[in-house]
Amino acid sequence: MVNNYDVKSILLAGVGGQGTLRASDIMCIVMMEAGLDVKKSEVHGMAQRGGCVTSHVRYGSKVYSPLAKLGGIDLLVAFEKMEALRYMNYLTKDATIILNADEIYPPSVNFGDIPYPDDIIPLLRINYKQVKEIDATDLAKKSGNVKAANVVLLGAISNLMNIPSSIWEEVIKKSFPEKLVKINLAAFQKGRDA
Amino acid sequence: MEQRILLGNEAIGRGLVESGCTLIASYPGTPASEILESAVVFAKESRAKIHTEWSVNEKIAYEVALGHSYTGKRSAVAMKQVGLNVAADPFMRSAYLGVKGGLVVIVADDPGPHSSQTEQDSRYFAQFARIPVFDPSDPAEAKVMIERALDLSETYELPVMVRPTTRVCHARQNVQCRAPQEIYRKAEFKKNPGRWVATPQFLTTLHRELNDKVDIIGSLKNFLPFLTKGKGALAEYCIVSSGVAYANTYEILDELGFLGKVDFFKVDLPYPLNRDFIQKVNTEYKKILVFEETYPVIEMQFANQSICGRISKDVPDYGELTPEIIESILRKFLPAPVPEKQEAKEIKGVRPSLCPGCPHRASFYAIRQTFPKGIFPSDIGCYTLGMNFGAVDTCHCMGACISQGAGLYHAYAADGPDYPTIVVTIGDSTFFHAGIPALVNAVFTKARFILVILDNSTTAMTGNQPTPQVGIMADGCAGNTVFIPDLVKASGVKFLRQADPYDLPVFKNLLAEADRFCRKDDGGVAVIIAKHPCIMNGQARKQQVVYRIQVNEECNGCKVCLKRFECPSLVFDENKKKVFIDQNSCIGCGVCPSVCPAGAITAEKMEVET
């Protein structure tokens with residue numbers, strides 16, 4: 001029996017409207033084009049109305065489960081800064097964290113019941129060596145559309161993966177209507193350079 | 001063969017098109033909704049001629065598919081698990097009478113549950129009906145099983161179920177796709193009253209024939225569970241699993257170093273479980289562990305008291321089998337090392353909330369304000385979130401709110417004339433699904449309550465599928481529109497009004513008027529249709545007047561708007577102790593100004609962007 005436990009797990013966490021699922025879709029196609037086996041899980045329905053949108057993406061030579069277990073995530077990408085805190089117990093000890101500097105307030109903060117935490121990054125750095133903050137929303141604006149923040153984050157993710165950037169770019173080209181391709185390619189590059 | 005990344009439900013839809021189904025009927029429900037939608041897309045792409053429909057409920061979807069199958073053509077019906085409760089009547093009898101063209105019944109279960117009112121196991125239901133059931137472990141396999149199910153169905157003239165779970169339906173994976181199989185069959189219904197009418201005198205024979213079919217299928221070699229052989233010292237041990245539990249168990253065994261050391265079976269067809277397999281497991285192994293979701297369907301068929309599973313409670317007898325739960329059970333069952341103690345941290349969830357600008361928010365606010373002491377039965381959809389406003393007190397199953405409202409009324413009315421106002425809320429799609437007979441019954445039996453039909457012109461929660469009133473069919477073509485007011489009038493309702501809940505003062509007045517009608521000598525059920533399109537509908541949004549909402553200095557930080565109206569776009573500024581508007585999420589619906597007691601929220605009509 002060949003031990004094929006070379007599977008890596010990524011958790012993408014965001015709030016509704018940030019393009020979290022779109023980003024994870026693109027990521028899956030890139031992995032397929034790169035010849036990897038890939039599985040992803042996502043949430044729909046009532047579970048989606050909570051505002052939190054998460055997606056597990058798992059890839060390797062052969063993936064069985066679409067779900068990573070607690071303590072099994074190698075890379076956490078938080079599309080909203082505070083979302084990173086919700087999934088700490090999913091991370092491996094050596095996990096990498098990428099966060100978008102953007103802040104979106106949940107109801108409890110909206111109501112004024114509790115303040116938005118101002119020490120997220122230092123808190124993460126206590127336990128994790130690789131924590132990278134990117135102002136993806138700002139970089140997306142500079143690329144021409146604030147909505148491309150998800151693709152900026154894909155650019156940052158692509159640096160951590162051994163997949164040629166040409167594959168990423170080809171898939172991004174096919175994933176958007178023609179008038180948005182240029183903006184998204186620029187966003188991707190800004191994420192790579194960040 | 002072409003490879004594509006497909007959602008589990010897309011893989012199933014693709015499988016239906018590839019295997020030559022010519023009719024697919026469904027009613028939307030998470031986690032099954034995308035099956036029909038993707039079948040429509042793949043049918044168009046490959047120019048396959050398929051009748052696709054969003055039926056008004058699952059019973060109807062099932063019967064449409066059954067009728068189609070009687071002519072020898074391949075059919076499919078797709079629903080969520082509780083949809084099968086609605087379709088139970090035709091489902092049970094179809095096992096006895098059987099089918100002609102293959103009929104695959106796709107029932108998506110929701111262990112957890114993530115988006116359902118129960119976590120019932122449809123494989124159990126299949127066993128109850130004596131219908132074979134497949135249990136796919138991932139999207140690619142679900143697609144293959146659709147074809148296997150149709151072949152099996154045609155061979156034995158039996159409906160066959162495919163039961164994916166949420167983690168298959170809403171997983172994505174690279175899937176092999178091929179061109180659709182072209183099966184040309186002319187519709188040919190062969191009359192056979194002893195079978196298709198089957199009065200009781202025929203049923204003993206049909207029941208016996210059904211049992212014979214199930215016995216044969218239970219002995220077929222091609223459904224022998226797949227074995228990953230263990231070579232080693234653990235000869236007495238075996239693990240049996242099916243569905244996603246198989247996928248999770250595979251990886252955990254690999255991680256713990258036990259893959260290939262212990263016999264590990266994968267069951268594709270949990271019912272009828274292969275008889276040779278039952279015999280083999282019961283005689284060859286002493287330590288047997290079964291992982292399945294969510295009820296002990298495989299476990300029970302072994303009829304072996306020593307099995308570790310859901311009945312013995314070695315596996316929790318409820319809930320989803322997540323990788324970490326499987327890991328903790330495997331570590332106990334196998335001679336595996338005890339892990340470092342992991343701290344189980346509680347993840348605080350976020351309360352689900354209606355979207356900014358949702359018309360339901362306005363309706364619920366008005367209902368709660370008008371009748372602070374009312375009782376509010378409601379139903380299934382986005383609007384169940386009216387519970388956040390204290391305007392939803394019950395939610396049971398599709399259409400139950402109307403009859404529960406009647407039952408509540410009869411209870412209170414028997415105690416005296418001073419009964420509380422009962423305001424029942426139901427969505428437009430739910431009303432079509434199961435509300436119509438309930439309304440007829442309530443009118444007929446002299447119940448008195450207000451029924452608010454929340455008509456947002458769509459089935460919002462499941463991804464905006466059209467209703468009969470929208471008049472667009474599943475394939476995008478026009479159907480014959482059926483109007484809700486016509487149905488309400490035809491049900492014998494004597495008070496029917498329609499208003500836009502965005503206009504809060506008018507809507508509140510209407511509620512008070514309806515209450516007066518209910519309490520009149522010749523009163524009864526009063527119906528108000530709260531009509532405003534779902535704000536997720538882009539076309540309708542474009543036609544909506546947009547206001548620039550601002551909060552002025554009059555705001556005294558009372559938080560009434562936050563607590564009672566609960567719009568995500570209203571945000572409290574801790575420093576200034578005042579509310580401000582999150583302009584990024586605010587859609588400018590213009591409702592909140594009439595909510596503020598201090599008159600501090602202002603709305604200014606904006607020029608429409610072109």
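We use all heavy atoms of the structure for the numbers below, so side chains are in, but hydrogens, waters and symmetry mates are not. So you know, we letter chains A, B, ... as the sequences are listed, proteins then strands, and number each from 1. Since the structure is predicted, the reported quantities are computational estimates derived from the model, not experimental observations.
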>> How long is the straight-line distance from CG of B/N174 back to CD of A/E33, given to the nearest 0.5 Å?
In response: 10.5 Å
> Looking at B/L570, B/V244, B/T322, which one has more heavy-atom pairs under 4.5 Å with chain A than the rest?
Replying inline: B/L570
> Where on A/I104 is there a heavy atom nearer than 4.5 Å to chain B: the side chain, the backbone, both, or neither?
Replying inline: neither
> Measuring heavy-atom distances to chain B, does A/V57 have an atom under 4.5 Å in its side chain, in its backbone, in both, or in neither?
Replying inline: neither
> What is the minimum heavy-atom distance between B/I5 and A/C28, and which atoms define it?
Replying inline: CD1-O, 3.5 Å
> Hey, what do you get for CG (A/D6) to CG (B/D254), rounding to the nearest 0.5 Å?
Replying inline: 9.5 Å
>> How close do A/S65 and B/P323 get, counting heavy atoms only, and between which atoms?
In response: OG-CG, 4.4 Å
>> Closer than 4.0 angstrom, basic N to acidic O: yes or no for B/E255 and A/K69?
In response: yes
> Using 30° and 60° as the class limits, which term best fits the ring planes of B/Y246 and A/Y64: parallel, tilted or perpendicular?
Replying inline: perpendicular
> So how far is it from B/R172 CZ to A/M32 CE, rounded to the nearest 0.5 Å?
Replying inline: 11.5 Å
>> More than 12 heavy atoms of other residues, nucleotides or ligands under 6.0 Å from NZ of B/K577: yes or no?
In response: yes
> Do other residues, nucleotides or ligands put more than 12 heavy atoms under 6.0 Å from B/K578 NZ?
Replying inline: yes
> More than 12 heavy atoms of other residues, nucleotides or ligands under 6.0 Å from NZ of B/K563: is that the case?
Replying inline: yes
> In terms of heavy-atom pairs under 4.5 Å with chain B, which of A/V146, A/D25, A/V109 leads?
Replying inline: A/D25
> What pairs with B/Q81 under side-chain hydrogen bond (donor to acceptor under 3.5 Å, both in side chains), at least two apart in sequence or on another chain?
Replying inline: B/S116
> So which part of B/E324 gets closer than 4.5 Å to some heavy atom of chain A, the side chain, the backbone, both or neither?
Replying inline: both
> Got a second to check how far A/E42's CD is from B/R167's CZ, nearest 0.5 Å?
Replying inline: 11.0 Å
> Can you find a heavy atom in the side chain of B/Q173 that is under 4.5 Å from one in the side chain of A/V63?
Replying inline: no
